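Everything on this sheet refers to the single structure shown next.
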Amino acid sequence: MAKKYWLLKSEPSEFSIDDLEKSKNKTTHWDGVRNYQARNFMKEMKKGDQVLFYHSSTEPTAVVGVCEVVKEAYADHTQFDPDDKHFFPSAKPDNPIWFMVDIKFVKKLKNPVTLQKIKANPKLKNMKLIQKGSRLSVMPVEKNEFDEILKAGS
DNA sequence: GCCAACGTTGGC
DNA sequence: GCCAACGTTGGC
């Protein structure tokens with residue numbers, strides 16, 4: 001099975017690439033996804049897949065680093081926790097609705113690739129990230145796009 | 001802070 | 001199953 005490529009969005013005020021690097025084993029579980037399409041993509045993520053880490057709602061918005069899938073989709077425990085803001089009452093432990101994966105820090109890009117630069121690069125014009133109205137927090141990326149981002153960020 | 005673009009919810 | 005109302009995302 002060929003390696004796949006993905007992009008994960010996060011607001012750095014919530015969880016940044018630096019937070020990931022500082023996490024235990026430089027690894028975290030990606031909880032809180034509550035969008036079905038994003039969830040379905042997450043379920044397709046395989047161990048070893050490479051992931052672009054994108055900072056949203058900040059200045060500047062940009063791809064800031066790379067991480068890697070180290071654990072494939074499993075039940076997101078926050079859906080069962082009434083005290084968690086991601087609590088989802090209709091989800092039951094024997095029938096989870098939401099899932100998460102574990103990702104591990106790989107590297108930070110020397111130069112973050114800003115949304116502005118992505119939009120300006122003809123080779124990246126098909127990225128889901130810049131398609132009109134795209135709000136997905138988990139999305140697939142083509143290999144050539146992944147390589148192009150890394151090149152632009154080196 | 002604004003608001004366009006979406007997704008979800010719930011009455012009918 | 002339709003669709004209005006509402007909530008959220010995220011760039012600007």
Side-chain angles (χ1 to χ4, degrees), chain A residues 4-23 28-45 49-69 72-103 105-142 144-154:
Chain A
K4 286 192 180 174
Y5 300 87
W6 307 93
L7 182 146
L8 285 177
K9 276 184 199 170
S10 182
E11 297 189 20
S13 58
E14 295 292 322
F15 192 83
S16 71
I17 187 83
D18 292 323
D19 293 329
L20 178 61
E21 190 176 11
K22 282 182 280 186
S23 296
T28 194
H29 49 265
W30 203 259
D31 64 12
V33 170
R34 293 294 181 272
N35 171 285
Y36 289 99
Q37 211 180 338
R39 179 201 68 179
N40 293 343
F41 283 136
M42 212 161 49
K43 282 175 145 182
E44 291 179 30
M45 294 171 86
D49 283 0
Q50 301 295 113
V51 181
L52 297 173
F53 197 109
Y54 178 83
H55 280 172
S56 65
S57 298
T58 185
E59 185 53 46
T61 55
V63 175
V64 292
V66 180
C67 49
E68 178 178 321
V69 178
E72 297 172 11
Y74 60 107
D76 177 345
H77 55 83
T78 62
Q79 69 194 303
F80 311 126
D81 180 358
D83 297 326
D84 194 284
K85 73 170 178 176
H86 296 297
F87 179 53
F88 205 82
S90 58
K92 302 294 167 211
D94 60 353
N95 187 21
I97 296 173
W98 304 110
F99 294 82
M100 58 190 184
V101 295
D102 284 0
I103 58 159
F105 177 86
V106 173
K107 65 174 177 182
K108 274 204 264 188
L109 294 181
K110 199 176 296 175
N111 301 296
V113 182
T114 61
L115 185 63
Q116 195 182 9
K117 281 193 213 160
I118 292 170
K119 284 179 174 171
N121 187 336
K123 291 179 186 161
L124 299 175
K125 69 176 188 325
N126 290 326
M127 281 189 78
K128 273 195 168 42
L129 180 67
I130 55 173
Q131 280 165 21
K132 189 179 166 185
S134 172
R135 299 185 314 175
L136 278 177
S137 60
V138 181
M139 65 180 81
V141 173
E142 297 297 327
N144 64 306
E145 294 165 348
F146 181 87
D147 292 343
E148 183 65 23
I149 293 273
L150 256 56
K151 200 175 110 191
S154 64

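A quick note: this is a predicted structure, and the numbers were derived from the prediction, not measured. Residue numbering restarts at 1 for every chain, and letters A, B, ... go by the order of the sequence lines.
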Step through the shown structure and confirm whether more than 12 heavy atoms of other residues, nucleotides or ligands are within 6.0 Å of NZ on Lys117(A). yes

Does the protein touch nucleotides 4-9 of chain C at the base, only the backbone, or not at all? Give it as B, S and - per nucleotide, heavy atoms under 4.0 Å. ---BBB

dist Tyr5(A):OH -> Gln50(A):CD (nearest 0.5 Å) comes out at 6.5 Å

Leu115(A) CG to dG10(C) C1': how many Å, rounded? 10 Å

Using whole Å, what does the distance between atom C1' of nucleotide dG10(C) and atom CD1 of Ile118(A) come to? 14 Å

Reported CH2-to-OG distance for the pair Trp30(A) and Ser137(A), which is rounded to 0.5 angstrom: 8.5 Å

Determine yes or no for a side-chain-to-main-chain donor-acceptor pair under 3.5 angstrom, with Gln79(A) supplying the side chain and Ile97(A) the backbone. yes

What integer distance in Å separates Lys132(A):NZ from dC3(B):P? 17 Å

How long is the gap from CZ on Phe53(A) to CG on Asp19(A), to the nearest 0.5 Å? 7.5 Å

